[in-house]
Colleague: 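Mind looking over this structure? Questions follow.
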Amino acid sequence: MSWDFFVPVYVGDLVKTGGINQYLVQDVVSPKQLPTYISRFKAALRSQGPLCILEHFDTGYSVLQHCNSVELSVKEDTLELLLQVVSSLAATLPALLISTSVSAAERKEKLNAVKMSVFLLCKITETLESESYRQSIVTAPGKGGKKGKAGGEGLLQWDSEREKVLQALVQLLQLDIRALWNLSLVEEEFISCVTCCCYKLLENPTIGHVKSKLTRDSIIHLLGVLIKKYNHLLGASVKVIQLLQHFEQLSSVFAQAVFVWSTEYGIRAIIGEVIREIGQRSSDELAREGSGVKAFSSFITELGALVPELIIPNISVLITHLEGESHAMRVAVCEVLGEILVRVLCGDGLDESGKADRDRFFDTLQEHLHDTHSHVRARVLQIYTRIVNSKALPLCRYSEVMGLTVGRLMDKSINVVKSAIQLLAAFIAHNPYSCKLSSADLKKPLEKETAKLREMKEKLAGKAPEAVIKASELWAAMEPELLVTVNTVLEPTSETEREEEDDDDRDVEEEKEAEDDRATAVKIAQYLRVNKYRNAVRLCIKAHSCFPESEMFAALSTLTSEILMNTLALLFKGSDEDTSELSQNLPPTPQKEGEKEEEEEDGELKKQEMLVQYLRDTESFALQVERAISVINTMLYWKTTSVVQEAVQFCVTVCEFSVANSVSGVRKMLPLVWSTDAAIKDAVVQAYKRLYLNPQGDTTRMKAQTLVDSLSELMVDASLGTIQCLEEIVQEFFGSDSNLQSTVVQVLWERFTGKKETSGLHRRAAVLLLGMAARAEREVVLSNLDTLCSVALGEKVTEDFLLARDAVFTICSITDHVRQSKGTPFRLPQDHQLFTRLTQAIAEGVVMEDPYWQSFTEQAVRLIYFLAESPDQLCSRLLQRSARLLLDQVAEGGEINKNAGQMQDESQDPSEQGEQVNSVCLAQLLALCGCVAFWQVSHLERSVSAELRRRRGETEEREEKEKGPSSKAKQATNESAMEEELGLIGASAEDTEAEIIRKICETELLAEENLLCAFLPLLVRVCSSPGRYSHPQLTTAACLALSQYMMISPSVCEENVRLMFTVLERSALPVVRANAIIALGDLTVRFPNILEPWTQNLYARLSDEVPSVRQTAVTVLTQLVLKDVLKVKGQVSEVAVLLIDPETHIASLSLNFFNELATKDNAIYNLLPDIISRLSDPERGMSPEDFNTIMKQLFSYITKERQTESLVEKLCQRFRTAKTERQWCDLAMSLSLLSMCERGFKRLQECWECYSDKLTEPGVYQPLLSITARLRRGAKTQFKAQVDEFEKRLTAVHTRGLENVESPEMDEENQTEGGSSQKTVVRTPLPPRGRPRTKRGQSKPSASSHGDASFVTPQKSRKSKKPVITFSSDEEEEDEEDAVMAESETPKVTTPIARTSRRARLRN
């Protein structure tokens, strides 16, 4: 073979003139002839094998050239032939490659065959891939979701063929075909041909789908072979970056590819190359759109999750992106750091380098908890959550990260807050400290162990200091003196010889006593310690002669001062430094024994220090958790559903770990069972089921007892509102098909009846839980009514009125009022034992001084009216009996105390016997009267009225059945015609019934023959004579009862309303004032026309000195205003003052009032001018700081541009009527709080004359200057110029005064104006330079005419009325100033709180 095949860069190059011995295509076959040539190709393949490609290459090339015109079958046949050629080559080449006797011609032939077949196969594959993609776009499913049949079949067929192509290429290239090339240098064009085909296939948008997994894996493995064997590393890294930049869906594909290449193929360098390419991208480049930053970040994140350990060497390149503009890259790098910390740099086995890297990465993550982008902050918190869940966070960082996380709870981003809550829950669930976290419980153990540690330190400090001096330190101290002694011994004088001989004699004796060299060495060390240096030196010299073979003294064979000093040092320091075998062989000396004791004491001290540190960390952690709980509890009522759900889950977690105050959050979230958001309600219900309704136990009985115990603990000391919320959850439990229901009910009855010994609190909880169960199934209580009566209302009822009250509350659950059932009312006869026991208990309790009697009586009277036949008769007899018992008590007291005078006649007014009547008993009787009066009215308007309607409905239905259809139709026609003529279409019968009820209340309830009437004068007398009747309980009961009497009729209300308001203002008892506010609120709903003139007196209680009264007042007024019972006027400024109340709960109620009021159209906008006027009144004396705080909150509700514009004008006009500097400053501050827009700024310029003469005051100038500073931010060039000009004008007037800074227009006007210059000229505002604006009032009073006027809205003239566009707030301001509502403004339709029907109120 004389030619070589070179893989062309472009397909068309094969038909051009080539180089010497270069293969060129000779014959490009036409499309019509291709089937014939392909048949020849097939025949040649069968006969010649894969080398036939050398002769039939032109046929395959012709298919490529005419790929757009030939039929699909031709291309498929060609692909099949090429697949067979490549597969055959892969099968036959191994033998050739192994053989050593292959000729160059044969090798060249095989090489050309490989290159030709691979070239054609790759190009045909690319062509079919492109056609398949175009076909999938054309035949994509439309609205109907149907595909073209042909397109779908072709695409499906290509998917299967593509797998075969890739497998054939992998099979071929896995062979070491590099041997076919000279010097094993594979040409770059051949590799590019295969890789381009692979990358072309990766560009398919569906390559990341599950159905393409086999194709994806084959491409990855093919590229892996090319990278490992054919030097494609650099090209692959560059191509990965390019494709990621243009195809976002490839991020996960390439992450998986790089993972396979680095692990299965061992090409770890690919990770460094790719990461280096990404790291070299500049921050500005990544910030541009279309830069592929999203794909890069996803790729890094997924690669970090797959091979975190291989990224560590290149992490420094990525960390540079943490300072870049792209938040997506910052998130990706933080994700990688998190993976490394969780899977690589964790555990206790890290070396110093690993610990340093770990700490550096944690520091980096902590920095980005304060990242400028909320998404980064949220993701970092989620990374920390994973780290904590994996227990990879070092203990020393718990406190710091916990503190940062609690701080993130205040983040503005909802996602950050949710992530912070999740992290805190993970901290608690995986905390390394304790299963129960309570700072109160940890305080005592910490104090105890701290005291013990202090004692241990004091004990060690009291010991001798030499015990801790090391031998090396002693040697350094003695070395100079010892050296002198050594020199002296080695150079003895005649005078010392005799002394030395004596020393020698002693040494010899010691040597004889010594058994071995070790004992001698110890003796030498002891001499040195006691400063006997000469003895030590002499003994050391003698020891060498006695023990010449000893290693300790071997160096002394040559006796010099240096060697002798080294030997002595070794003997002395060896035991301390363990530097020689001598130290290991020396026996324990007294010093060693002391050191051992010291080591033991040091070990105990370290253990104690660790224990104390552990307790401190635990306490710190518990305190941070408690701080987090207090913050998260407030989030339970946020408007964001997802945050509320996270807060609920957090409360469940902390409750399960018994964290202090955790139950507070569980109870606080209980009212959310009434939430209108189904997700929140479901979250709360599931939380309570998890905590309380999912008991653990071996048997059903044990589970039931556990459930009852947990619910009972929750109900102990629970308020009525908490019980009502809990009832919703328990009712759902009993309404479900749980197999625990019957057992739970049985356990509850056992506890209530006392069969199982339990406390009084748990007995009451049991009976209340039975009432909740009765809501779902009435028979639970109805079938055991006698048991309830005998146990709770028996002979011992007066000993426990609380149990009796809760039992009555439970019995109420079977009444129609609670169950809201229809049909014939369910009532019991008057002689039923229930009512007999109830009336007896109430009457006997009147003459007792039990603090719980009144709450029992209220529930008992309510039950009588709900359940008894003719309850008015029962209560009448009850009042008679109670009064008689009280009079009997008075009579008995008179007989005993004879000095008190003669007993008065029973017919006299009981109030005249005030000195003899027990005040508490009289108060209880009056409370009973008020309770009966209230429920009598409620009985008439609810029960009697409903029964009248029911009976009328039955009568009408019966009459309709009796009448024939024809007469019925005729009558209906006549009646409808008459009603239309009279305008009476409606339920006239209902009006008649309401009139009957109203007349009964008006004339009969307080008639002279009615028993209720007898107590009214006494109530009035007690309330009007607080000096004579000064007992607190008596005064409280009388005022409350009088207010209940006033609910009966308008006449009684009108007669006593002045007395009630006098009590409200002058009573010295806060509880009386608070009760009066609540009662007057109810009366305002029932009789609005009567109470309307007294509205100002209700608002006055907002400034009461007692917090409980203020709280009650703001709560009542909120309900009245939001239900449109009271018209909102300027008195709302008193509510605004409560925004800065020292009591946080009152301030939150006031804030809630304005939040709700802001939902009404323009409500706060209408009120703002008057609120500003009232709050800035000098007589009020409010500080500027408080005024600013209130106004900042109120102005936050002004969001509409037109409202802002109108308020600017209104506030500017009020500068004219303001008299003091403080009022000017308040108006200027109010202007600065508005979110000023361009239109508002224009209006501010037009009103220049209103405030320009006040600009010399800094309190006016500075706020207006701050407006210009805000407007300048982000403003357009033209508008910014206007702002700058206005600011210059402000500054000029402020510094030089208005007289020295006048506009040219004003100067010209003054020059042309007639009259003497000495006359006073009243300047009027210049007309606006913009478009003319129609105003509500055309004539305005001059500033001088209001010289002595108060700081109120100026009056407007009503002479000319023009059709103008105004806000709903643009009422006549003089109407807003009126404190009394006009008759036409009085609300005619009100919403009472469960008092009367609407038609009954219309009659009033």
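Both backbone and side-chain heavy atoms feed into the values below; hydrogens, waters and symmetry mates do not. As the structure is a computational prediction, the values presented were derived from the model and not from experiment.
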Colleague: Taking the side chain as C-beta and beyond, is there a heavy-atom pair between T405 and Y384 under 4.5 Å?
Modeller: no

Colleague: Is there a side-chain contact between S710 and L691 (heavy atoms, below 4.5 Å)?
Modeller: no

Colleague: Please report the closest heavy-atom contact between L636 and G665, naming both atoms and the distance.
Modeller: CD1-O, 3.7 Å

Colleague: Is the shortest side-chain heavy-atom distance between I315 and L337 below 4.5 Å?
Modeller: yes

Colleague: Check the pair L318, I311 against side chain to side chain contact (heavy atoms under 4.5 Å, CB included), reporting the backbone distance first and the verdict last.
Modeller: CA-CA 9 Å; L318 291 178; I311 294 184; 4.2 Å; yes

Colleague: Indicate yes or no: at least one non-hydrogen side-chain atom of V648 is less than 4.5 angstrom from one of Q686.
Modeller: no

Colleague: If you measure from SG on C346 to CD1 on I340, what distance do you get to the nearest 0.5 Å?
Modeller: 11.5 Å

Colleague: What pairs with N389 under side-chain hydrogen bond (donor to acceptor under 3.5 Å, both in side chains), at least two apart in sequence or on another chain?
Modeller: H430

Colleague: Checking Q705 side chain against V747 main chain: does a donor-acceptor pair fall under 3.5 Å?
Modeller: no

Colleague: Distance-only, no hydrogens or angles: does the Y637 side chain make a donor-acceptor pair with backbone N or O of K668 under 3.5 Å?
Modeller: yes

Colleague: Could you report the tightest heavy-atom contact between N633 and S664, atom names first, then the distance?
Modeller: ND2-OG, 3.4 Å

Colleague: How many angstroms lie between CD in Q624 and CD in E626, if you round to the nearest 0.5 Å?
Modeller: 10.5 Å

Colleague: Working note: H370 + R408, criterion side chain to side chain contact (heavy atoms under 4.5 Å, CB included); need CA distance, chi angles, decisive distance, verdict.
Modeller: CA-CA 9 Å; H370 300 285; R408 287 300 92 205; 3.6 Å; yes

Colleague: C334 and L322: which non-hydrogen atoms are nearest, and at how many Å?
Modeller: SG-CD2, 4.0 Å

Colleague: How far apart are the closest heavy atoms of L693 and L707, and which atoms are they?
Modeller: CA-CD1, 3.9 Å

Colleague: Report yes or no: does Y688 contribute a side-chain atom to a donor-acceptor pair with the main-chain N or O of V666 at less than 3.5 Å?
Modeller: yes

Colleague: Report the distance from atom CH2 of W475 to atom CG of L571, rounding to the nearest 0.5 Å.
Modeller: 9.0 Å

Colleague: Can you see which heavy atom on G304 is nearest to which on E339, and at what distance?
Modeller: O-CB, 3.6 Å

Colleague: Within the side chain of R397, is there an N or O that forms a donor-acceptor pair under 3.5 Å with the backbone of D359?
Modeller: yes

Colleague: Can you check whether H327 reaches T372 side chain to side chain, under 4.5 Å on heavy atoms?
Modeller: no

Colleague: Indicate whether any N or O donor in one side chain lies under 3.5 Å from an N or O acceptor in the other, for E1143 and Q1111.
Modeller: no

Colleague: The test is side chain to side chain contact (heavy atoms under 4.5 Å, CB included); show your working for D800 and R763 and say whether it passes.
Modeller: CA-CA 11 Å; D800 192 354; R763 287 185 70 189; 5.6 Å; no

Colleague: Kindly say whether D371 contributes a backbone atom to a donor-acceptor pair with the side chain of R377 at under 3.5 angstrom?
Modeller: yes

Colleague: Begin from the C-alpha positions of D709 and R751 and carry the test salt bridge (charged side-chain N to carboxylate O under 4.0 Å, His left out) through to its verdict.
Modeller: CA-CA 11 Å; D709 287 338; R751 292 200 174 189; 2.2 Å; yes

Colleague: Kindly compute the distance separating CD (Q645) from CG (L672), expressed to the nearest 0.5 Å.
Modeller: 11.0 Å

Colleague: Taking the side chain as every heavy atom from C-beta outward, state whether V401 and Q366 have any pair of such atoms under 4.5 Å apart.
Modeller: yes

Colleague: Going by the angle between their ring planes, with limits at 30° and 60°, are Y398 and F427 parallel, tilted or perpendicular?
Modeller: perpendicular

Colleague: Side chain to side chain contact (heavy atoms under 4.5 Å, CB included) for Y692 and I729? Distances and angles first, verdict last.
Modeller: CA-CA 10 Å; Y692 299 105; I729 296 174; over 6 Å; no

Colleague: Just so I know, are the side chains of M410 and V631 near enough to count as touching, which here means a heavy-atom distance under 4.5 Å?
Modeller: yes

Colleague: Measuring from M478:CE to L528:CG, what's the distance to the nearest 0.5 Å?
Modeller: 5.5 Å

Colleague: Any side-chain donor-acceptor pair under 3.5 Å between Q422 and E646?
Modeller: yes

Colleague: Look at the side chain of Q608 and the backbone N and O of E449, then say whether any donor-acceptor pair between them is shorter than 3.5 Å.
Modeller: yes

Colleague: Are T640 and K418 side-chain neighbours, meaning at least one heavy-atom pair lies under 4.5 Å?
Modeller: no

Colleague: Once rounded to the nearest 0.5 Å, what's the spacing between atom CG of D806 and atom CE of M715?
Modeller: 7.5 Å

Colleague: Closest heavy-atom contact between R358 and L345?
Modeller: CD-O, 3.6 Å

Colleague: Without swapping roles, check the side chain of T706 against the backbone of M702 for a donor-acceptor pair under 3.5 Å.
Modeller: yes

Colleague: Consider side-chain contact (heavy atoms from CB on, under 4.5 Å). Of L404, D411, V376, which one does L369 pass it with?
Modeller: L404

Colleague: Distance-only, no hydrogens or angles: does the T364 side chain make a donor-acceptor pair with backbone N or O of R360 under 3.5 Å?
Modeller: yes

